[in-house]
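Have a look at the structure below, then the notes.
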Amino acid sequence: MPSRPVWSLSQANGTDPWASQVHWSRQSPGGAFASSAQGSLRADAVFALPGAPVPLLFLEVDNGTETRAEVADKLHRYATFFARTEKNAFTVGGRERPLWRTVWTAPDDVAHPPVAIVFTKQMGLEAMDACMRGIAQLSSPVWQGDWGPGPNRDGEQDGFRTFEGRVPVVACRLDRL
């Protein structure tokens with residue numbers, strides 16, 4: 001059972017059309033989600049806004065205390081977590097469904113909710129770029145699509161990427177959020 005939201009926009013701004021629906025929580029649900037042996041994780045925050053263009057967003061805040069490898073490892077843990085399934089008697093045909101969907105809702109065409117990494121440590125643009133590129137390189141199997149070769153309209157070799165089973169990731173500085 002998820003924790004109840006600890007804050008909502010409706011408490012802060014009565015004019016926002018999404019305010020009555022948006023919720024976020026710093027607490028992660030317990031139970032099957034709490035077992036690190038089963039690939040669980042603890043997000044810094046989870047934002048849920050049913051009906052919005054991004055209806056569910058997991059947030060990781062990097063204060064500069066973790067290495068690039070540690071941040072990349074978190075993205076690998078997200079992929080493992082999102083891949084976990086549960087079989088529910090109430091699911092049509094008893095099919096397995098993603099375990100995260102037992103707590104949070106998202107449209108059926110959303111395979112994995114996106115993860116946002118927000119960097120709060122002040123650093124120069126070149127250092128930030130190197131940090132983001134390092135994390136991207138170490139975590140590429142999580143987010144990078146698979147290459148599918150094929151001809152283009154002119155018959156020349158071309159191709160495309162498929163992102164099935166990949167986790168959408170966005171990274172930015174806090175002042176760019």
Side-chain angles (χ1 to χ4, degrees), residues 2-13 15-30 33-34 36 39-84 98-107 109-145 161 163-177:
S3 61
R4 68 179 182 70
V6 295
W7 185 83
S8 74
L9 282 180
S10 59
Q11 295 168 331
N13 180 356
T15 62
D16 191 318
W18 298 105
S20 64
Q21 297 179 27
V22 69
H23 297 284
W24 77 277
S25 176
R26 268 201 87 228
Q27 293 93 23
S28 295
F33 289 95
S36 60
S40 288
L41 53 88
R42 184 172 302 271
D44 290 325
V46 178
F47 293 87
L49 183 57
V54 179
L56 184 61
L57 176 71
F58 285 75
L59 179 71
E60 283 297 325
V61 178
D62 179 20
N63 296 316
T65 59
E66 297 174 312
T67 66
R68 295 172 189 171
E70 289 170 324
V71 175
D73 183 59
K74 282 186 176 185
L75 293 174
H76 286 277
R77 286 186 299 194
Y78 272 101
T80 300
F81 175 73
F82 292 149
R84 288 178 60 192
L99 189 60
W100 65 266
R101 286 189 181 272
T102 66
V103 177
W104 299 285
T105 59
D109 65 342
V110 174
H112 299 302
V115 176
I117 304 171
V118 178
F119 298 94
T120 62
K121 182 179 178 184
Q122 295 294 321
M123 63 176 80
L125 293 178
E126 288 181 19
M128 179 58 68
D129 185 58
C131 178
M132 288 184 183
R133 287 181 189 277
I135 293 168
Q137 184 178 21
L138 293 168
S139 63
S140 64
V142 171
W143 58 267
Q144 190 173 48
R161 290 199 182 271
F163 293 91
E164 188 171 330
R166 299 303 194 264
V167 177
V169 178
V170 62
C172 68
R173 297 185 328 237
L174 182 61
D175 66 335
R176 299 290 183 169
L177 188 56

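Just the heavy atoms: all of them, side chains too, but no hydrogens, waters or symmetry mates, feed the values below. The first residue in the sequence is number 1, and the count goes up from there. Since the model is a prediction, treat every value here as computed from it, not as a measurement.
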Using a 3.5 Å distance criterion without hydrogens, assess whether the side chain of Thr80 forms a donor-acceptor pair with backbone atoms of His76. yes

Could you tell me the separation between the NE2 atom of His112 and the CZ atom of Phe58, rounded to the nearest 0.5 Å? 11.5 Å

On a heavy-atom basis, which atom in Leu56 and which in Trp100 lie closest, and how many Å separate them? CD2-CZ3, 3.6 Å

Please tabulate, one pair per line, all N/O donor-acceptor pairs under 3.5 Å involving side-chain atoms of residues 118-128, not counting sequence neighbours.
unit_1	atom_1	unit_2	atom_2	d
Thr120	OG1	Asp62	O	3.2
Thr120	OG1	Asn63	OD1	2.6

Would you say Arg101's side chain and Ala106's backbone share a donor-acceptor pair under 3.5 angstrom? yes

Nearest atoms (heavy-atom pairs only) where Leu59 meets Phe47: CD2-CE1, 3.8 Å

With distance as the sole test, does Glu70 use its side chain to make a donor-acceptor pair with the main-chain N or O of Thr67 at under 3.5 Å? yes

Using side-chain contact (heavy atoms from CB on, under 4.5 Å), reason through Gln144 and Phe163 one step at a time and then give a plain yes or no. CA-CA 7 Å; Gln144 190 173 48; Phe163 293 91; 5.7 Å; no

pair Pro50-Thr105: side-chain heavy atoms closer than 4.5 Å: yes

side-chain hydrogen bond (donor to acceptor under 3.5 Å, both in side chains) against Glu66, all qualifying residues, sequence neighbours excluded: Lys74

Search all heavy atoms of Trp143 against all heavy atoms of Val167 and return the closest pair with its distance. CB-O, 3.3 Å

State which residues pass side chain to side chain contact (heavy atoms under 4.5 Å, CB included) with Val54; sequence neighbours excluded, sorted by chain then number. Leu57, Pro114

What class does the angle between the rings of Phe81 and Trp104 fall in, given that below 30° is parallel, 30 to 60° is tilted and above 60° is perpendicular? perpendicular

Please name the pair of heavy atoms, one in Pro168 and one in Pro113, separated by the smallest distance, quoted to 0.1 Å. CD-O, 4.0 Å

Pair Leu138, Arg68 - check side-chain contact (heavy atoms from CB on, under 4.5 Å), show working. CA-CA 8 Å; Leu138 293 168; Arg68 295 172 189 171; 4.1 Å; yes

Nearest 0.5 Å, please: how far is CG in Leu75 from CD1 in Ile117? 4.0 Å

Would you give the length of the straight line joining atom SG of Cys131 to atom CZ of Arg173, rounded to the nearest 0.5 angstrom? 12.0 Å

Over 12 non-hydrogen atoms of neighbours within 6.0 angstrom of CZ in Arg161: yes

